[in-house]
Chemist: 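There's a structure below that I have some questions on.
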Amino acid sequence: AVKQFYKIEDVIVIHDDLDLPFGAIRFKMGGGHGGHNGLKSVDKMIGREYLRVRMGIGKPKQGSVVDFVLGNFNDEEQAYLEEWIAKTVEAIDALADLGWEDAASKFSQKKMPPAKKSS
């Protein structure tokens, strides 16, 4: 209803993604929900054609997926979180200037970079 009322054409959904390693950033236009309840809800309301910014959280090595998704980041992940979010925000800001394909090319990353060694 909000999309129709304000005549919004382009929607960007930023979401966690179990299928990508922690720290990954990927971009995708359209597609399925892959079992993601949030994406199921968005798909139901506006269809499947929207830009997704996928932020990898990895998969649990053991235990419940629900507990993993709703749980806390480990210390290494927590240390990288602020940088990762800042890079994602920078990528989203660049979408208007670069378009999604060029932004994806510039800002996609496969995983969390190695920890910086202190001297």
Chemist: What verdict does the side-chain contact (heavy atoms from CB on, under 4.5 Å) test give for Val13 and Val53, after you've listed the backbone C-alpha separation in whole Å, the side-chain angles of each residue and the deciding distance to 0.1 Å?
Modeler: CA-CA 6 Å; Val13 174; Val53 179; over 6 Å; no
Chemist: Taking all non-hydrogen atoms of both residues, which atom of Ala103 and which atom of Ala91 are closest, and how far apart?
Modeler: CB-O, 4.3 Å
Chemist: Taking Tyr80 as the starting point, is it possible to reach Ile85 by hopping between hydrophobic residues whose side chains are less than 4.5 Å apart?
Modeler: yes
Chemist: Does anything in residues 39-68 form a ring pair (Phe, Tyr, Trp, His ring centres under 6.0 Å)? List the pairs, not counting sequence neighbours.
Modeler: none
Chemist: With sequence neighbours left out, write down each residue that passes side chain to side chain contact (heavy atoms under 4.5 Å, CB included) with Ala94, or none if nothing qualifies.
Modeler: Leu98, Phe107
Chemist: Who are the side chain to side chain contact (heavy atoms under 4.5 Å, CB included) partners of Tyr6, not counting sequence neighbours?
Modeler: Val2, Ile8
Chemist: Transitively linked via ILVMFWY side-chain contacts under 4.5 Å: Leu81 with Met55?
Modeler: yes
Chemist: Pairs in or reaching into residues 86-98: which pass salt bridge (Lys or Arg N to Asp or Glu O under 4.0 Å), with residues at least two apart or in two chains?
Modeler: none
Chemist: Could you tabulate the donor-acceptor pairs under 3.5 Å formed by side-chain atoms of residues 16-39, not counting sequence neighbours?
Modeler:
{"from": "Asp16", "atom 1": "OD1", "to": "His36", "atom 2": "NE2", "distance (Å)": "2.6"}
{"from": "Asp17", "atom 1": "OD1", "to": "Asp19", "atom 2": "N", "distance (Å)": "2.8"}
{"from": "Asp17", "atom 1": "OD2", "to": "Arg54", "atom 2": "NE", "distance (Å)": "2.6"}
{"from": "Asp17", "atom 1": "OD2", "to": "Arg54", "atom 2": "NH2", "distance (Å)": "2.9"}
{"from": "Asp19", "atom 1": "OD1", "to": "Lys59", "atom 2": "NZ", "distance (Å)": "3.4"}
{"from": "Arg26", "atom 1": "NH1", "to": "Gln109", "atom 2": "O", "distance (Å)": "3.4"}
{"from": "His33", "atom 1": "ND1", "to": "Gly35", "atom 2": "N", "distance (Å)": "2.8"}
{"from": "His36", "atom 1": "ND1", "to": "Gly38", "atom 2": "N", "distance (Å)": "3.1"}
{"from": "His36", "atom 1": "ND1", "to": "Leu39", "atom 2": "N", "distance (Å)": "3.2"}
{"from": "His36", "atom 1": "NE2", "to": "Asp16", "atom 2": "O", "distance (Å)": "3.4"}

Chemist: Give me each pair satisfying salt bridge (Lys or Arg N to Asp or Glu O under 4.0 Å) with a member in residues 100-113, each pair once, sequence neighbours excluded.
Modeler: none
Chemist: Going by the salt bridge (Lys or Arg N to Asp or Glu O under 4.0 Å) test, which pairs reach into residues 35-44, not counting sequence neighbours?
Modeler: Asp43-Arg52
Chemist: How long is the gap from CG on Leu51 to CG on Asp10, to the nearest 0.5 Å?
Modeler: 8.5 Å
Chemist: Verify the cluster assignment for Trp100 and Val89: are they in a single hydrophobic cluster under the rule of side-chain heavy atoms below 4.5 Å apart?
Modeler: yes
Chemist: Would you mind writing out the side-chain donor-acceptor pairs for residues 71-78 within the sub-3.5 Å range, not counting sequence neighbours?
Modeler:
{"from": "Asn74", "atom 1": "OD1", "to": "Glu76", "atom 2": "N", "distance (Å)": "3.1"}
{"from": "Asn74", "atom 1": "OD1", "to": "Glu77", "atom 2": "N", "distance (Å)": "2.7"}
{"from": "Glu77", "atom 1": "OE1", "to": "Asn74", "atom 2": "N", "distance (Å)": "3.0"}

